[in-house]
Amino acid sequence: MVTSHNLADYEAERERFSWDDIYADADWDAPEELNIGHEVVDRHATDRGKVALYQVGTDGELTTMTFWELADRSSQFANVLEALGVEQGDRVFSYMPRIPEHYVALVGTLKRGAVWGSVNERFGPDGISYRLDDCDAKVVVTTTDNRDTVEDALDDAPSVEHVITVDRGSGAPADDVVFNTALDDASKEYEVAETGGEDDALLYYTSGTTGLAKGVLHKQRWIAGVAATQKYTVDLQPGDLYWSTGDLGWLTGAINTLGAWFWGASLFTYEGEFDPEEWADLLDEYPINVLFSVPTAYRMLREKAEVLEGVDLDLRHALSIGEPLSAGVVEWGKEELGVTILDTYGQTETGNMIINNYPTMELRPGSMGKPLPGIEADIVDPDTGEVLPPGETGEIAERGDYPCFFAEYWNKPAKTEKCFVDGPSGEWYLSGDLAHKDEDGYFWFEGRADDVILSSGYRIGPFEVESSLGEHEAVAESAVVPKPHSERGNIVKAYVVPSEGATPSEELTEAIKNHVKEELSAHEYPREIEFRDELPKTVTGKIRRTELQDEAEEEAEAAS
Ligand code: ATP
Ligand code: MG
């Protein structure tokens, strides 16, 4: 391995393997010696002016960081970790906003060969300590603004030995390592840890949509698969300005950050939370040409259509992940964003987007698309492990040597084991998500296995009903759950957030029911509709159907 700016060595190293050849041959084996931090940043640090990060703060100020600066700064961070006694494989977690130091810590941790994880800022002390304690994290990187919250979490996270704090003005506690000064004092030369494809690199927790979040371990080789997704799905080109709105607290944030840099694209990030007006201004002001976000954000932009009026968009691609993207939102995107929003599907476990819509493919709006070349994914019967024919519903399943596939749930061998089923053609990993494929191999999402509604002998996927609801002008957002019923087993109940200007009434309820009945079928329409100002969501903005399902159950019980 080479130090950051020992470029002569880097040229020699480059001859050892060529990523272009690896992808041309669709040979997913990453080189034996591989360090993600080094690979995605130092390679582009040959050109002093090439920008890695454009960061806009909540005050609207723009900060830029070149690959050159990021290479230096991350090496300094790695030196600081090493001086603190952080060894290869130790866990380093962040809890901080989308500021440049966050990205420095990510790359520096990887260069040290330590394992990077991150907790989204919307979690409070319990959410933080649950994760830190679960994986015995050694270091937390945070900011002075977040320091009190971290302090509360540390009581229940005894493994943490050091807190590295970015001083944003208020001064860090005396025992902390102060990010800015510690890095300034450290050398910019760093002998990157000699990690290989099979060494631990990332530990990200799932969203906790269905229960307690699970720690998902990925190895250094993960970057080889992620880079492929960025190439074929995101179609990332050098020189692109890529805004992936996902926070580093989720694997998607790490995928899109490290994947973007792998190809030398510039990453755009905004410190603030989602706000339709703010986002429209940013899209207007900066030449962002690739946008990667979540359905909730697109839905809310659609609701606030006026904010996009007069906005000068430079988009070449827009993509979505995390929840199903309805055909209606895709149609809206064509009209208002001028691009087809490409839906992508993945899990923290699959490590990247494995079933996607590609810019090169004929699209079927509402479909998740097709498996990424090189990935073996199919629809499998979760009980027998058999691959199901087109039209039949089963679980989305994956197998093979794809480098992004997770190594294990941290410290939970039994849980890891439970995800696999043996079938006639071998073993499959089961995602817990239900879908079917059509005759042409397009995948159609139906819902999480836990969310499926059994009503009068029918299996009803909530997504189809929600999509249909979403096409009614009075519906801004909806969530569909089973409500226990004495004769039918369950009925379909919909929680609906009305659009701006729509007033809930008996007539409106009937009109919405009829709309779904006509569009879908008489057995799928929601027999009950309840209007709500908002829906319960995870911190990533995913609808928490389990919570609504509990409410519907209690309601049914109280009425019986
Ligand atoms: P937990 O596993 O803790 O309950 P989670 O499954 O929401 O939380 P993630 O790994 O962040 O945690 O999310 C992956 C899940 O998100 C998928 O299993 C799927 O249910 C959903 N998902 C992701 N992308 C899509 C998509 N394009 N369409 C439909 N669902 C999607
Ligand atoms: Mg999950």
Side-chain angles (χ1 to χ4, degrees), residues 118-120 123 127 130-131 134 202-218 229 233 246-256 292-299 318-327 329-330 341-358 363-372 377 382 395-398 404-406 409-410 412 415-416 418-419 429-436 442-452 461-464 466-467 479 536-547:
S118 179
V119 184
N120 182 273
F123 285 109
Y130 166 71
R131 288 160 179 77
D134 184 61
L202 302 170
L203 181 64
Y204 265 94
Y205 283 78
T206 58
S207 295
T209 311
T210 51
L212 272 184
K214 296 147 277 184
V216 176
L217 180 67
H218 287 286
T229 316
T233 307
D247 185 68
L248 278 180
W250 309 106
L251 185 67
T252 312
I255 291 172
N256 289 340
F292 204 128
S293 198
V294 289
T296 318
Y298 290 117
R299 284 197 297 264
L319 302 103
S320 174
I321 191 165
E323 280 191 299
L325 185 73
S326 68
V329 175
V330 176
I341 306 173
L342 302 169
D343 186 21
T344 70
Y345 164 90
Q347 303 183 301
T348 313
E349 292 88 337
T350 64
N352 75 341
M353 308 69 157
I354 59 163
I355 298 168
N356 312 313
N357 290 286
Y358 309 93
L363 303 185
R364 302 199 173 158
S367 156
M368 304 192 312
K370 295 186 179 188
L372 183 76
E395 275 192 42
I396 299 173
E398 184 189 350
C404 282
F405 189 68
F406 77 126
Y409 287 125
W410 188 263
K412 293 188 175 60
K415 223 175 194 134
T416 310
K418 258 181 79 179
C419 299
Y429 160 77
L430 295 171
S431 66
D433 289 317
L434 296 178
H436 68 270
Y442 286 79
F443 281 56
W444 298 81
F445 184 77
E446 294 181 32
R448 290 172 189 260
D450 297 346
D451 288 344
V452 160
F463 175 51
E464 204 177 17
E466 288 163 12
S467 294
K537 290 187 177 167
T538 62
V539 291
T540 24
K542 296 188 194 203
I543 297 169
R544 294 206 70 226
R545 287 183 195 75
T546 40
E547 215 168 283

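What you see below is based on every heavy atom in this structure, not just the backbone, and it leaves out hydrogens, waters and symmetry mates. First listed ligand is number 1; within each ligand, the first listed atom is number 1.
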How far is [atom] from its nearest protein heavy atom, and which residue and atom is that?
| atom | result |
| --- | --- |
| atom 13 (O) of ligand 1 | Lys542 NZ, 2.7 Å |
| atom 7 (O) of ligand 1 | Thr209 OG1, 2.5 Å |
| atom 2 (O) of ligand 1 | Lys214 NZ, 3.1 Å |
| atom 6 (O) of ligand 1 | Arg448 NH1, 3.0 Å |
| atom 18 (O) of ligand 1 | Asp433 OD2, 2.5 Å |
| atom 29 (C) of ligand 1 | Pro324 N, 3.2 Å |
| atom 21 (C) of ligand 1 | Gly322 O, 3.2 Å |
| atom 11 (O) of ligand 1 | Ser207 OG, 2.6 Å |

Note to self: So that I can tick it off, tell me whether Lys537 and Glu323 are bridged by a salt bridge, with the cut-off set at under 4.0 angstrom between side-chain N and carboxylate O.
What the structure shows: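 Salt bridge absent between Glu323 and Lys537.
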[X]: numbered ligand 1 atoms lying under 4.0 Å from its heavy atoms:
| X | value |
| --- | --- |
| Gly346 | 14 (C), 17 (C), 23 (C), 24 (N) |
| Thr344 | 24 (N), 26 (C), 27 (N) |
| Thr348 | 9 (P), 10 (O), 11 (O) |
| Asp343 | 27 (N) |

Check: Based purely on interatomic distance, does Thr206 place a nitrogen or oxygen under 3.5 Å from a nitrogen or oxygen of ligand 1?
Finding: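 Between Thr206 and ligand 1 (N or O atoms, distance only) the closest approach is under 3.5 Å.
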Next item on the list: Please say whether Ile321 places an N or O atom under 3.5 Å from an N or O atom belonging to ligand 1.
Entry: no
Checklist line | Spacing of CG belonging to Leu203 relative to CG belonging to Asp134, to within rounding of 0.5 Å | finding: 7.5 Å
Note to self: Quick check for you: to the nearest 0.5 Å, what is the distance between Asp343 atom CG and Arg364 atom CZ?
What the structure shows: 15.0 Å
Notebook entry, point to check: Looking at residues at least two apart in the chain, or sitting in another chain, which of them share a side chain to side chain donor-acceptor pair (under 3.5 Å) with Tyr429?
Noted result: Gln347
Next item on the list: State, yes or no, whether a side-chain contact exists between Leu342 and Thr233 at a heavy-atom distance under 4.5 Å.
Entry: no
Checklist line | Lys370 vs Tyr442 side-chain heavy atoms within contact, under 4.5 Å | finding: yes
Next item on the list: Return the orientation label for the Phe123 and Trp250 ring planes: parallel under 30°, perpendicular over 60°, tilted otherwise.
Entry: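 Taking Trp250 first and then Phe123, their aromatic rings sit tilted (interplane angle of 30° to 60°).
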Notebook entry, point to check: If you count the non-hydrogen atoms of other residues, nucleotides and ligands that lie under 6.0 Å from NZ in Lys412, is the total more than 12?
Noted result: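 Count over threshold, so yes.
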Checklist line | ligand 1 contact on Tyr345 by region, counting heavy-atom pairs under 4.0 Å | finding: both
Next item on the list: Sequence neighbours left out, what passes side-chain contact (heavy atoms from CB on, under 4.5 Å) with Lys418? Give chain and number order.
Entry: none
Item checked: Under 3.5 Å: donor-acceptor pair, side chain of Thr206, backbone of Lys214 ->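 Flag set: sc Thr206 to bb Lys214 pair under 3.5 Å.
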